[in-house]
Engineer: 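One structure is given below, represented as C-alpha cells, and several questions about it will come after.
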Amino acid sequence: MPQAKFKELLEELDGNSVETLLSKNAKYSIDVDGDALHNFRSGADVGGGTMAQACWGYLTKHLVALRDKVQKNDFSDRDDLLEKCQDSINYIRFLWCIGNDEYSKFTKGKSNEKN
C-alpha cells in the first residue's frame, strides 16, 4: 500500500470520530448535569462493577465484531468496519478519561492526607 493511501485511510478513520464522540456524548449526558461519564457510572451501577469495567464491556462488543470479521476475512461491509473501528477507538478514549477521573480521586485523597 502506498504511503499516500495509508495516510488517506488513517485520515478517514480519524476523520470526524472525535466530533461524533463529543456530539453523542453531549446528548447522552445532557439530562444528568453534563456528566460525560454518566453511561459508564450507570453501567457500573447496573453491572455491579467499576466504570472502567463497564467501558471494557462496551468495548468488548466491538472487538468481538471486529474479531469475527478478521476470522472470516470478511471486510465486505466497509461502512460497518469503519464504524466498529471508530467505536473501538472511542471506547479507548473513554477508558483514558475514566482512568484519569479515577486518578484524580486517588491524587486528591493523597493531597488530603498531607493536610
Side-chain angles (χ1 to χ4, degrees):
M1 172 181 292
Q3 284 291 327
K5 181 64 175 177
F6 182 76
K7 182 180 181 216
E8 176 187 320
L9 289 171
L10 291 180
E11 288 171 353
E12 180 181 7
L13 176 64
D14 290 340
N16 65 352
S17 67
V18 172
E19 290 82 12
T20 300
L21 173 65
L22 292 170
S23 172
K24 284 183 180 180
N25 184 261
K27 290 177 190 172
Y28 296 148
S29 63
I30 198 163
D31 294 330
V32 287
D33 299 327
D35 180 6
L37 301 178
H38 169 74
N39 284 353
F40 304 103
R41 289 184 208 286
S42 294
D45 185 48
V46 169
T50 67
M51 286 193 301
Q53 290 166 342
C55 186
W56 186 257
Y58 302 155
L59 169 61
T60 301
K61 173 186 164 236
H62 295 287
L63 294 177
V64 167
L66 285 170
R67 181 195 62 192
D68 291 348
K69 288 181 177 300
V70 169
Q71 287 180 333
K72 294 174 185 173
N73 199 35
D74 180 5
F75 301 103
S76 58
D77 188 341
R78 190 173 185 281
D79 290 337
D80 186 56
L81 175 63
L82 178 62
E83 181 181 344
K84 297 288 186 283
C85 289
Q86 286 176 334
D87 286 349
S88 297
I89 291 166
N90 284 337
Y91 281 116
I92 297 294
R93 288 181 171 122
F94 274 120
L95 280 173
W96 169 247
C97 293
I98 290 167
N100 278 275
D101 188 60
E102 292 299 319
Y103 177 77
S104 70
K105 293 175 192 173
F106 173 76
T107 57
K108 184 178 181 181
K110 292 290 185 186
S111 65
N112 287 342
E113 290 175 10
K114 293 177 184 179
N115 296 332

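In this text the structure is predicted, and so the values were computed from the model without any measurement.
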Engineer: Does atom CD (Gln3) have a neighbourhood of more than 12 heavy atoms from anything else shown, all under 6.0 Å?
Structural biologist: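 12 or below, so no.
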
Engineer: Any ring pair (Phe, Tyr, Trp, His ring centres under 6.0 Å) pairs touching residues 1-21, not counting sequence neighbours?
Structural biologist: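 As it turns out, there is no ring pair (Phe, Tyr, Trp, His ring centres under 6.0 Å) pair with a partner in residues 1-21 once direct neighbours are skipped.
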
Engineer: Indicate if Ile89 and Leu22 have the same hydrophobic cluster label, given that clusters are the connected sets of ILVMFWY residues with side-chain heavy-atom separations under 4.5 angstrom.
Structural biologist: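 As far as the 4.5 Å side-chain criterion goes, Leu22 and Ile89 are not connected within one cluster.
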
Engineer: Search all heavy atoms of Asn39 against all heavy atoms of Tyr58 and return the closest pair with its distance.
Structural biologist: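 Where Asn39 meets Tyr58 most closely, the heavy atoms are O-OH, 3.6 Å.
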
Engineer: Indicate every side-chain donor-acceptor pair of residues 96-103 with a distance under 3.5 Å to a residue at least two apart or in another chain.
Structural biologist:
residue, atom, partner, partner atom, Å
Asn100, ND2, Trp96, O, 2.7
Glu102, OE2, Lys105, NZ, 3.2

Engineer: Does any part of the side chain of Ser42, heavy atoms only, come nearer than 4.5 Å to the side chain of His38, both counted from C-beta?
Structural biologist: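 Yes. Closest side-chain heavy atoms under 4.5 Å.
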
Engineer: Which pair of non-hydrogen atoms, one from Ala54 and one from Gly43, has the smallest distance, and what is that distance?
Structural biologist: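 Shortest heavy-atom separation between Ala54 and Gly43 comes out as CB-C, 3.8 Å.
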
Engineer: According to salt bridge (Lys or Arg N to Asp or Glu O under 4.0 Å), does anything in residues 51-61 pair up with another residue at least two apart or in another chain? List the pairs.
Structural biologist: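 Salt bridge (Lys or Arg N to Asp or Glu O under 4.0 Å) check on residues 51-61 returns no pairs.
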
Engineer: For residues 4-17, which residue pairs pass the salt bridge (Lys or Arg N to Asp or Glu O under 4.0 Å) check, not counting sequence neighbours?
Structural biologist: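 Residue pairs with at least one partner in residues 4-17: Lys5-Glu8, Lys7-Glu11, Glu12-Arg78.
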
Engineer: Look at the aromatic rings of Phe40 and Tyr91 and report parallel, tilted or perpendicular, splitting at 30° and 60°.
Structural biologist: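 Perpendicular, since the angle between the ring planes exceeds 60°.
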
Engineer: Quick one: closest heavy-atom pair of Phe75 and Leu81, and the distance?
Structural biologist: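 Answer, listing the atom of Phe75 first, then Leu81: CD2-CD2, 3.9 Å.
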
Engineer: Please report the closest heavy-atom contact between Ala65 and Lys84, naming both atoms and the distance.
Structural biologist: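 What the structure gives for the nearest pair is CB-CE, 3.5 Å.
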
Engineer: Got a donor-acceptor contact below 3.5 angstrom from the Gln53 side chain to the Thr50 backbone?
Structural biologist: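 Pair found, side chain donor or acceptor close to backbone of Thr50.
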
Engineer: Check side chain to side chain donor-acceptor pair (under 3.5 Å) between Asp68 and all other residues, then give those that pass, not counting sequence neighbours.
Structural biologist: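 Partners of Asp68 under the side chain to side chain donor-acceptor pair (under 3.5 Å) test: none.
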
Engineer: What are the two closest non-hydrogen atoms of Cys85 and Leu66, and how far apart are they?
Structural biologist: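 Looking at all heavy atoms of both residues, the shortest contact is SG-CD2, 3.9 Å.
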
Engineer: From Leu13 CG over to Gln86 CD, what is the distance, rounded to the nearest 0.5 angstrom?
Structural biologist: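 With rounding to 0.5 Å, CG (Leu13) is 5.5 Å from CD (Gln86).
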
Engineer: Measure the spacing between CE of Met1 and CG of Leu9 and express it to the nearest 0.5 Å.
Structural biologist: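 Rounded to the nearest 0.5 Å, the CE-CG separation comes out at 5.0 Å.
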
Engineer: Answer yes if Leu21 and Leu37 sit in the same cluster of Ile, Leu, Val, Met, Phe, Trp and Tyr residues linked by side chain heavy atoms under 4.5 Å apart, and no otherwise.
Structural biologist: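 Yes, because Leu21 and Leu37 connect within a single hydrophobic cluster, where side-chain heavy atoms sit under 4.5 Å apart.
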
Engineer: What closest approach, in Å, do Met51 and Ala44 show between heavy atoms, and which atom pair accounts for it?
Structural biologist: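 Residues Met51 and Ala44, closest heavy atoms: N-CB, 3.5 Å.
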
Engineer: Could you tell me whether the side chain of Ser23 and the main chain of Glu19 form a donor-acceptor pair under 3.5 Å?
Structural biologist: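 Flag not set: sc Ser23 to bb Glu19 has no pair under 3.5 Å.
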
Engineer: Show every salt bridge (Lys or Arg N to Asp or Glu O under 4.0 Å) that has at least one partner inside residues 85-99, sequence neighbours left out.
Structural biologist: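 Salt bridge (Lys or Arg N to Asp or Glu O under 4.0 Å) check on residues 85-99 returns no pairs.
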
Engineer: Hey, could you give me the CG/CG distance between Leu59 and Leu95, rounded to the nearest 0.5 Å?
Structural biologist: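 It comes to 6.5 Å.
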
